[in-house]
There are 2 protein chains.
Amino acid sequence: MEVTIGKGEARATREKVNSHFSDGKKTFNCPITNVLDRISDKWSIHAIITLGKADKLRFNELMKSIHGISQRMLTVTLRNLEQDGIVTRKIFPEIPPRVEYQLTDLGRSLLFQLIQLSEWATSNMDEIFAAREKFGNTNSSLPGR
Amino acid sequence: MEVTIGKGEARATREKVNSHFSDGKKTFNCPITNVLDRISDKWSIHAIITLGKADKLRFNELMKSIHGISQRMLTVTLRNLEQDGIVTRKIFPEIPPRVEYQLTDLGRSLLFQLIQLSEWATSNMDEIFAAREKFGNTNSSLPGR
DNA sequence: CCGTATCCCGACGGATACTG
DNA sequence: CAGTATCCGTCGGGATACGG
């Protein structure tokens with residue numbers, strides 16, 4: 001068992017959560033709805049982490065690095081991230097054209113959070129797969145989404 | 001500016017990312033694709049954090065706490081979380097029936113990550129809204145998804 | 001090379017009605 | 001109370017073709 005949060009810490013954790021979400025106003029203008037839903041699409045996390053691995057990347061380099069993404073979705077994803085101030089888009093007026101994408105400071109601070117999340121996912125993947133199989137279902141990997 | 005990662009730390013961060021993602025096998029059996037995509041749906045994060053706030057919750061209590069969720073989607077979301085070993089579902093054979101949902105240890109360790117993410121979102125929401133407006137678009141809050 | 005413009009399908013998820 | 005069952009609209013996102 002990889003989980004390190006003991007039974008006794010459950011209450012403390014709950015209090016910590018409450019202290020950050022009990023405000024009615026914040027619930028209305030919800031950070032999850034307004035911010036996290038934006039990066040919960042199919043490709044944003046991949047794009048951010050890929051950019052985090054390499055500093056600057058060109059469009060085609062991103063295409064090759066993010067396995068399975070289409071040209072259209074890469075464009076859409078990058079535009080959203082740019083709009084949210086998470087990546088910058090620098091155009092070099094050359095022929096053939098070159099465009100470099102790079103995380104902003106804001107983007108890198110988000111990257112830091114996503115790394116944590118990914119590490120969690122990596123550490124607990126086996127346990128989750130086991131749980132899925134135990135549940136009675138067949139194919140545990142490659143869920144439809 | 002809320003961002004605390006300095007320019008000089010960018011390289012160090014990149015190395016840290018690489019050390020966790022450079023393995024070809026892990027990229028193939030990708031933790032993001034296999035685990036995070038699962039909780040990237042419309043309601044999972046809300047459900048997990050809501051359960052984190054209250055220890056045990058009944059079905060209707062979750063309905064009331066998660067603003068806007070439908071009966072169907074709450075059921076679907078909880079089943080997925082249960083299947084992944086993130087929540088437990090305890091049925092009390094009474095009349096009227098009672099069902100209590102609670103985070104598992106695995107769920108609470110995930111909750112911890114999601115809190116961090118939410119805190120990030122809360123801290124940087126203003127900056128993101130500002131970036132969205134600056135981009136030239138109108139409504140910055142309440143994106144369609 | 002780096003996109004945009006269309007077309008289109010499949011799923012996500014809401015609304016509603018019904019059951020143990 | 002805690003769900004299922006069904007219907008159905010919306011839109012995320014893939015494939016393809018074209019443009020600067």
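These numbers come from a predicted model, not from an experiment.
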**Asked** Which residue pairs satisfy the salt bridge (charged side-chain N to carboxylate O under 4.0 Å, His left out) criterion with at least one member in residues 81-94 of chain A, sequence neighbours excluded?
**Response** A:Arg38-A:Asp84, A:Asp84-B:Arg132, A:Glu94-A:Arg98

**Request:** Provide, to the nearest angstrom, the distance between the CG atom belonging to A:Leu62 and the C1' atom belonging to C:dG3.
**Result:** 14 Å

**Fill in**
From CG of B:Leu78 across to P of D:dC1 the rounded distance in Å is 17 Å

**Request:** Round to a whole Å and report the spacing from CZ of A:Arg79 to C1' of C:dT4.
**Result:** 10 Å

**Message:** Taking A:Gln71's backbone N and O only, do any of them form a donor-acceptor pair with A:Thr75's side chain (distance below 3.5 Å, no angle check)?
**Reply:** yes

**Item:** B:Gly85 backbone acceptor or donor facing B:Thr104 side chain under 3.5 Å
**Value:** yes

**Asked** To the nearest Å, how far apart are B:Asp37 CG and C:dA11 P?
**Response** 15 Å

**Message:** Within this structure, what is the CG-CD1 distance for the pair A:Leu114 and A:Ile49, rounded to the nearest 0.5 Å?
**Reply:** 5.5 Å

**Request:** Quickly work out the B:Asp41 CG to C:dG14 C1' distance and round it to whole Å.
**Result:** 15 Å

**Fill in**
Testing D:dA2, C:dG3, C:dC1 for proximity to the side chain of A:Asn60, the answer is C:dC1

**Item:** For atom OH of B:Tyr101 and atom C1' of D:dG3, their distance in whole Å
**Value:** 8 Å

**Prompt:** Linking I/L/V/M/F/W/Y whenever any side-chain heavy atoms sit under 4.5 Å apart, do B:Leu51 and B:Met63 land together?
**Reply:** yes

**Asked** When the distance from CD1 of B:Ile95 to C1' of C:dG20 is rounded to whole Å, what number comes out?
**Response** 8 Å

**Message:** From CG of B:Leu74 over to P of D:dT4, roughly how many Å is that when rounded to an integer?
**Reply:** 11 Å

**Polar side chain donor-acceptor pair, A:Asn80 to A:Thr77, under 3.5 angstrom** = no

**Item:** Selection from C:dC2, D:dA2, D:dG3 that lies nearest to any side-chain heavy atom of A:Arg58
**Value:** C:dC2

**Item:** Donor-acceptor under 3.5 Å (A:Asp41 side chain, A:Ser44 main chain)
**Value:** yes

**Request:** Compute whether any side-chain donor of one residue and acceptor of the other, for A:Ser40 and A:Asp37, lie under 3.5 angstrom apart.
**Result:** no

**Asked** Where the side chain of B:Thr88 meets the backbone of B:Gln102, is there a donor-acceptor pair that is under 3.5 Å apart?
**Response** yes

Tabulate protein N/O versus nucleotide N/O from nucleotides 14-20 of chain D, keeping only pairs under 3.5 Å, one per line.
{"unit_1": "D:dG14", "atom_1": "OP1", "unit_2": "A:Lys42", "atom_2": "NZ", "d": "3.0"}
{"unit_1": "D:dG14", "atom_1": "OP2", "unit_2": "A:Ser70", "atom_2": "OG", "d": "3.3"}
{"unit_1": "D:dG14", "atom_1": "O6", "unit_2": "A:Arg72", "atom_2": "NE", "d": "3.2"}

**Prompt:** Listed in order of residue number, which residues of residues 84-92 of chain A have a non-hydrogen atom at under 4.0 Å from DNA chain D?
**Reply:** none

